[in-house]
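See structure below.
As the structure lists them, so they are numbered: ligands from 1, and atoms in each ligand from 1.
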Amino acid sequence: MEGKIIDGKAVAQRIKERIKAGVDELSREKGITPGLTVILVGEDPASQIYVRNKEKACQEVGIRSRVMRMAAETSQEELLRVIEDLNQDKAVHGILVQLPLPKHIDEKQIINAIHPGKDVDGFHPVNVGKMMIGEPCLEPCTPKGILRLLDETGIDLAGKRAVVIGRSNIVGKPVSLMLLKRDATVTVCHSKTQNLKEITREADILVVAMGRPESIDGSYIKEGAVVIDVGTTRVDQRLKGDVVFEEAIKKASWITPVPGGVGPMTIAMLLENTLTAARNHG
Ligand code: NAP
């Protein structure tokens, strides 16, 4: 029997409706309209699309959004000055610097300059550290969205064998921590992992975040596993996941599609973090 599809688009839509209600309430009761400023440096075409999508999503839920488009040759000092101004601006509750930045700018320094309370991407070391020790913080959007998708299945994660392929700071590592916090038994795999297939075939929950299109076929998947495909790679104008969907769905109990799985959740979580930041510091 084929697995069920976890419809990220539908889940994200429901979450956005709740966020809209939260935004309206904050505005009615405290006179605060959550505000997100997105900084885009340069003209990377993919980044331009991401930024436009974020702007559109903000409008849908009533978050005041502003995109600051800066020239590719903007200096690091100038960008740091802009961030400092936004840190001080009471109408700005969330600051997001669209990555990647041009080569001459040190991403780490830029992320570190954002006030942790306004770091709606959840990339600042203070938020990362708080997440590590289980304190409330702004959590990174993609892993947070993945956990919400897992919750949609109704499966209790406690005691389940979870395998994460990928150990990046934005997906693999944080999602592993979040699964651990939910009492899963977590294994993290990466490019140096030996016998990957042996490990993934034991996974009740398999999260794939490699950025290698269609490299996990049905033979990597345990019968009845939940498969979350984080990968998004543009191949011949189409978005491809890391998982061979047609094969995996025959083994999995639940699976996310690409597109329409993790992607919409990332944006929904960004909106949620902006609302949280406004509630905390409005
Ligand atoms: P990344 O920084 O390139 O990390 C990829 C990870 O996969 C690395 O840890 C790498 O191992 C591991 N890896 C690569 N090849 C492997 C192999 N053959 N076997 C096992 N592990 C392997 O990528 P990322 O930023 O985490 O993103 C991963 C994917 O998710 C990308 O396709 C990205 O576009 C997508 N993504 C989607 C969203 C969304 O909202 N839908 C958000 C973020 C990312 P090493 O550490 O050893 O190099």
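- The proximity of Thr193 to ligand 1, defined as any non-hydrogen pair under 4.0 Å, does not occur for either the backbone or the side chain.
- The two residues Ser47 and Pro100 have their closest heavy-atom pair at OG-CD, 4.1 Å.
- With ligand atoms numbered from 1 in the order given, ligand 1 contributes 5 (C), 6 (C), 7 (O), 28 (C) to contacts under 4.0 Å with heavy atoms of Ala209.
- Residue Val230 touches ligand 1 through backbone and side chain together, judged by heavy-atom distances below 4.0 Å.
- Considering each of Val171, Ile170, Thr232, Thr256, the one bringing a non-hydrogen atom nearest atom 34 (O) of ligand 1 is Thr232.
- Residue Arg212 touches ligand 1 through its side chain alone, judged by heavy-atom distances below 4.0 Å.
- In the vicinity of Gly263, heavy-atom distances shorter than 4.0 Å reach the ligand 1 atoms 40 (O), 41 (N).
- The residue from Ile165, Ile228, Val226, Val243 that alone fulfils the side chain to side chain contact (heavy atoms under 4.5 Å, CB included) condition with Leu206 is Ile165.
- Of the protein's heavy atoms, Arg167 N, 4.0 Å lies nearest to atom 8 (C) of ligand 1.
- Remark: minimum distance from atom 42 (C) of ligand 1 to any protein heavy atom is reached at Thr142 OG1, 3.2 Å.
- Between the side chains of Glu55 and Gln59, no donor-acceptor pair of N or O atoms lies under 3.5 Å.
- Side-chain N/O atoms of Lys197 and Ser219 include a donor and acceptor closer than 3.5 Å.
- Looking only at atom types and distance, the side chain of Ser191 has no donor-acceptor partner in the side chain of Arg167 under 3.5 Å away.
- With Ser168, Cys141, Cys189 as candidates, the residue nearest to atom 4 (O) of ligand 1 on a non-hydrogen basis is Ser168.
- Between atom 47 (O) of ligand 1 and the options Ser191, Gly241, Pro213, the minimum heavy-atom separation is to Ser191.
- Under 4.0 Å is where a charged nitrogen must lie from a carboxylate oxygen, and between Glu202 and Arg161 at least one such pair does.
- Counting the atoms of ligand 1 from 1 in the order shown, those under 4.0 Å from a heavy atom of Ile165 are 20 (C), 21 (N).
- Ser253 and Gly224 get closest at one heavy-atom pair: OG-O, 2.8 Å.
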